[in-house]
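Below, all heavy atoms of this structure are taken into account, side chains as well, without hydrogens, waters or symmetry copies. In this chain, residues are counted from 1 in sequence order. Not measured: the values here are computed from a predicted model.
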Amino acid sequence: MKNNLAKIKSEIENYAKSTNKSELKVLEQLNDYYFNKKVKDNLKLYKKGEKKVSDITKDLKISPRKLYAILKEKNIAHKTYNKTKTE
C-alpha cells in the first residue's frame with residue numbers, strides 16, 4: 001500500500017512540476033474529474049429510474065438542492081415541488 005501511494009505521490013509531484021501548478025491544484029482537478037464522473041454515472045441511473053434523488057445525494061454527499069441544480073443545468077427532466085400553500 002505504501003509503495004503504491006509513493007508512486008502516486010511521485011507522479012503527482014512530477015506532473016505539478018511539469019505544468020507549473022501546485023500539488024493542491026492538481027489534486028483539486030483530480031477531485032473535480034472523479035466527482036463529475038460519479039455524477040454522470042448516477043445521472044444515467046436516474047434517467048433510467050433505477051436510482052432516486054435521495055440515493056444519489058447520499059452517494060455523492062451533496063444536498064438535494066445542489067443535485068436539482070445539476071439536473072437543471074444538464075436539462076434533465078425532474079419533478080419540482082411547489083412549497084407554497086394554495087389557499
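- Rounding to the nearest 0.5 angstrom, the gap separating the OG atom in S10 from the CG atom in L5 is 10.5 Å.
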Working for side chain to side chain contact (heavy atoms under 4.5 Å, CB included), residues F35 and I62: CA-CA 11 Å; F35 178 77; I62 59 173; 4.0 Å; yes

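- Interatomic distance, CG of D55 versus CG of L45, reported as 10.0 Å (0.5 Å rounding).
- Atom NZ of K21 and atom CD of E28 lie 10.5 Å apart (nearest 0.5 Å).
- Counting heavy atoms from C-beta on, the side chains of Y46 and N42 never come closer than 4.5 Å.
- Separating the NZ atom in K52 from the NZ atom in K58 is a distance of 10.0 Å, to the nearest 0.5 Å.
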query: Can you check side chain to side chain contact (heavy atoms under 4.5 Å, CB included) on N31 and L27, steps first, answer last?
result: CA-CA 6 Å; N31 188 25; L27 289 176; over 6 Å; no

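- One hydrophobic cluster holds both Y33 and Y15 under the rule that ILVMFWY side chains link at heavy-atom gaps under 4.5 Å.
- Under the side-chain contact (heavy atoms from CB on, under 4.5 Å) test applied with I70, the options V39, N36, L60 reduce to a single match, V39.
- Residue K74 holds its NZ atom at 8.5 Å from NZ of K47, rounded to the nearest 0.5 Å.
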query: Run the side chain to side chain contact (heavy atoms under 4.5 Å, CB included) check on E13 and K9 step by step: do they pass?
result: CA-CA 6 Å; E13 288 173 354; K9 184 179 174 184; 3.4 Å; yes

query: Yes or no on side chain to side chain contact (heavy atoms under 4.5 Å, CB included) for K51 and D59, after CA distance, side-chain angles and deciding distance?
result: CA-CA 11 Å; K51 218 167 189 188; D59 188 29; 3.3 Å; yes

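- In the hydrophobic cluster analysis, where Ile, Leu, Val, Met, Phe, Trp and Tyr join through side-chain heavy atoms closer than 4.5 angstrom, Y34 is grouped together with V26.
- We find the OG1-CZ distance between T57 and R65 to be 13.5 Å, quoted to the nearest 0.5 Å.
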